[in-house]
4 protein chains.
Amino acid sequence: MAQTRSGPVRSEVARRSILSAAAEIFAERGYDHLTIEGIAARAGVGKQTIYRWWPSKSDIVAECLLERALLPEQLALPDTGDIRHDLTAWLRSIATVVDSDSGQPLMRSLIAAATENADIGRRLRDSLADADSLAARLRAAAGTEPHLRPDTPYVELAEALVGALVLRVLSRSPLDDAVVDRLVTAIVGPARS
Amino acid sequence: MAQTRSGPVRSEVARRSILSAAAEIFAERGYDHLTIEGIAARAGVGKQTIYRWWPSKSDIVAECLLERALLPEQLALPDTGDIRHDLTAWLRSIATVVDSDSGQPLMRSLIAAATENADIGRRLRDSLADADSLAARLRAAAGTEPHLRPDTPYVELAEALVGALVLRVLSRSPLDDAVVDRLVTAIVGPARS
Amino acid sequence: MAQTRSGPVRSEVARRSILSAAAEIFAERGYDHLTIEGIAARAGVGKQTIYRWWPSKSDIVAECLLERALLPEQLALPDTGDIRHDLTAWLRSIATVVDSDSGQPLMRSLIAAATENADIGRRLRDSLADADSLAARLRAAAGTEPHLRPDTPYVELAEALVGALVLRVLSRSPLDDAVVDRLVTAIVGPARS
Amino acid sequence: MAQTRSGPVRSEVARRSILSAAAEIFAERGYDHLTIEGIAARAGVGKQTIYRWWPSKSDIVAECLLERALLPEQLALPDTGDIRHDLTAWLRSIATVVDSDSGQPLMRSLIAAATENADIGRRLRDSLADADSLAARLRAAAGTEPHLRPDTPYVELAEALVGALVLRVLSRSPLDDAVVDRLVTAIVGPARS
DNA sequence: CAGTAAGCGAGACGGTACGTCCTGTCTTGGT
DNA sequence: ACCAAGACAGGACGTACCGTCTCGCTTACTG
């Protein structure tokens, strides 16, 4: 049986204050204006309490993502049975988030954080394109879409779609409806006439 | 007639020293260890000379990219006529660069720089997927690959491929041969039996 | 001929602000509440400007002493020709300073600073017992005081007197008139009947 | 009748570990590198155990002095009947301690501690010049030394001698044989021809 | 001989200050 | 006018300690 040390235990209050403060500052001012001192001040916490539990600010951001404190929730891929329609709707809802005044910097901040922290990178990929949603839907559509076949590498295809979004964020290209349509076409093939 | 200003003009020597110094430090230590003071010191230049001509360090990096001082050159898409073979070869040569010890951090640094500077983001996209190479080759292959049709949105397809690479870099996923094959399949369709 | 470097020169304004701020805080709160950050804040100066010119806070205090920013001025040994009377008057004026509410901590702070910085120690000794005043007066009195002879080691005798003061400060013993008289007697011998 | 509390009494083991650890660190690294956390760690003791029994680190040092854990023992004033010889021998033995590599910092550390704690100051004075040794010997010599008379204020004279030592430590002046001789002469008068 | 209250080790906590690094602006003297 | 050099005010870094506060344990007195 494991020997547990005695003494005080990690303060859940402090932990949550830190994550909330970090998420707030991140959303308000972006990743590179997110500082340990700022988090500590807003959370009402000593810096050491942060350094005790997280090795770097990117790890705090990663934990914020885990706690769903950073990204809006309405990004789930809908399921009407029509993959083309669902993808279009999903990309458009993403577009409204990403192309908003606050969304662009937020996404860029997330990508910046991902360059320092692999977990954030993976979460960025998975939270959009995880096996249970995007790739799975693509596989499920193999029967109805001639462009998609049973041996299509769905995971890579999903990744490519998400990657296209990332690239548009990085190049500040707008994600308007025409682009959404072309992206859907590029991935699932042209619409049947 | 306009009064032309007197005094010396911009020193080309200083400009090139600065870009070289920046490129070296960037390659050696990454974007976030790249500092104005470090550049000035290595370039043997006053800080003011840097601030006089560039508004931020990301703009210096952007100009380094323009001068081809940062990225290796062998990334041109080959052209044997076989799009599938060419893409595979191209991706593998990218993989050797990107999966090397120095390549991973360098790519992540570039992405980090892109989050601060739209030009870098665009250049990242275009230098890999510009209209004259990747997208053009995809369009040209429309005749031979059944998966690619005249109305396929090549630009977005090319972007998706590059985006997939970016996403793999961010998530530190290796880019081995099997992944390359699947990516090619995802983009240009399954190989004909 | 010496090659002088170009570039900006040390700011006299900053230097004086720092010394004033340090002297104020020292007088108000004592040596161990004197912090580099506190000095910088009150002086309206960056910390680096302090560290650029002084290796430690004790050196700032030493320079304050040099600039006569710390100790009151009325401590000069009077000269009426009567060494016994002059010493008594001088010690009493020191006593009023040292035994005041602010004087005790101030002297202790100076001693604390002296433990970190030999210059302060020497200045503490000399500013009270330097060759031109105390020791010189003792020597000059050799003719009139039987206790003092030409071969009396005046410097050490002066040092012993000052040392007695330091020791009283360290032990928080009051320096009342009776003690002053006994000290004078101990140093220059009993009064002639 | 008072309600006597129950529970364990103060741990003598802990008390001694703390004092030993404090004395060791004090001797090795000086008063300002002596920290409560360092003492606790070396003593294998919780910080609270220290704070429970001592209000500040200077009080720990004071108690170390009481337990004779800090100062070497050989500083007793010898007694051969010849006050001049005894004083000289005593001062020289102090000089070998004080002018050694470790002695100088140790004495300065003690003085630093004394600035925070009156007990240490008094002990510094008394442990060298207490009524039963130095002052008493001076009084006893009143018969044989013409410089010393029955009404000489011995206590202050002893204090002055010790103070001279303190001042030399503060100003980092060496305490060589010539200085010792002059100090003795200053205190007990010139040697008889 | 339980109950219970204090001492103990460990160490998390909110803080303060440290000394360093870098930012972007400015000043100086040289070319 | 431009440059190399670098001082300046300021902000953040990551570390060291402070003194207080839990924790779970052991110990010794008390009813």
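Scope of the values below: all heavy atoms of this structure, side chains included, with no hydrogens, waters or symmetry mates. Below, chain A is the first sequence line, B the second, and so on; all start at residue 1.
Contact check on A:Glu67 versus A:Arg15 returns a salt bridge, with a Lys/Arg side-chain nitrogen under 4.0 Å from an Asp/Glu carboxylate oxygen.
Distance, C:Ile50 CD1 to F:dG10 P: 12 Å, rounded to whole Å. Distance CG (A:Asp59) to P (F:dG14): 12 Å, rounded to an integer number of Å. Rounded to whole Å, the distance from CZ on D:Arg42 to P on E:dA10 is 15 Å.
Within residues 11-34 of chain B, the residues that have a heavy atom under 4.0 Å from DNA chain F are, in order of number, B:Ser11.
Among the protein residues, D:Gly38 comes within range of no part of the nucleic acid, since none of its heavy atoms lies under 4.0 Å from any strand.
For B:Arg52 and F:dC2, the shortest distance from a side-chain N or O to OP1 or OP2 is not below 4.0 Å. For B:Arg10 and F:dC2, the shortest distance from a side-chain N or O to OP1 or OP2 is not below 4.0 Å. Within the structure, a side-chain polar atom (N or O) of B:Thr49 is placed less than 4.0 Å from OP1 or OP2 of F:dA4. Applying the 4.0 Å criterion to OP1 and OP2 of F:dC3, one finds that B:Trp53 has a side-chain N or O inside that range.
With rounding to the nearest 0.5 angstrom, the CG atom of B:Leu65 is 8.0 Å from the CG atom of B:Leu124. Here the OG atom belonging to C:Ser11 is positioned 10.5 Å from the CZ atom belonging to C:Arg52, to the nearest 0.5 angstrom. To the nearest 0.5 Å, the span separating NZ on D:Lys57 from CD on D:Glu116 amounts to 6.0 Å. The distance from the CD1 atom of D:Ile50 to the CG atom of D:Leu19 is 9.5 Å, given to the nearest 0.5 Å. The line from CH2 of D:Trp53 to CD1 of D:Ile18 is 10.0 Å long, rounded to the nearest 0.5 Å. For the atom pair CD (D:Glu24) and CD1 (D:Ile39), the distance works out to 11.0 Å, reported to the nearest 0.5 Å.
Using a 4.5 Å cut-off on side-chain heavy atoms (C-beta onward), D:Leu66 and D:Asp119 make no contact. At a threshold of 4.5 Å between non-hydrogen side-chain atoms, the residues B:Ser109 and B:Phe26 count as touching.
Nearer the 5' end of DNA chain F, as judged by each residue's closest nucleotide, is the contact made by C:Gly44, out of D:Thr35 and C:Gly44. Sequence order on DNA chain E of the closest nucleotides to A:Gly46 and D:Gly46 puts D:Gly46 first from the 5' end.
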Sequence-aligned protein contact record of nucleotides 24-31 of chain E, with B where the base is within under 4.0 Å of a protein heavy atom and S where only the sugar-phosphate is: BBBBBS--
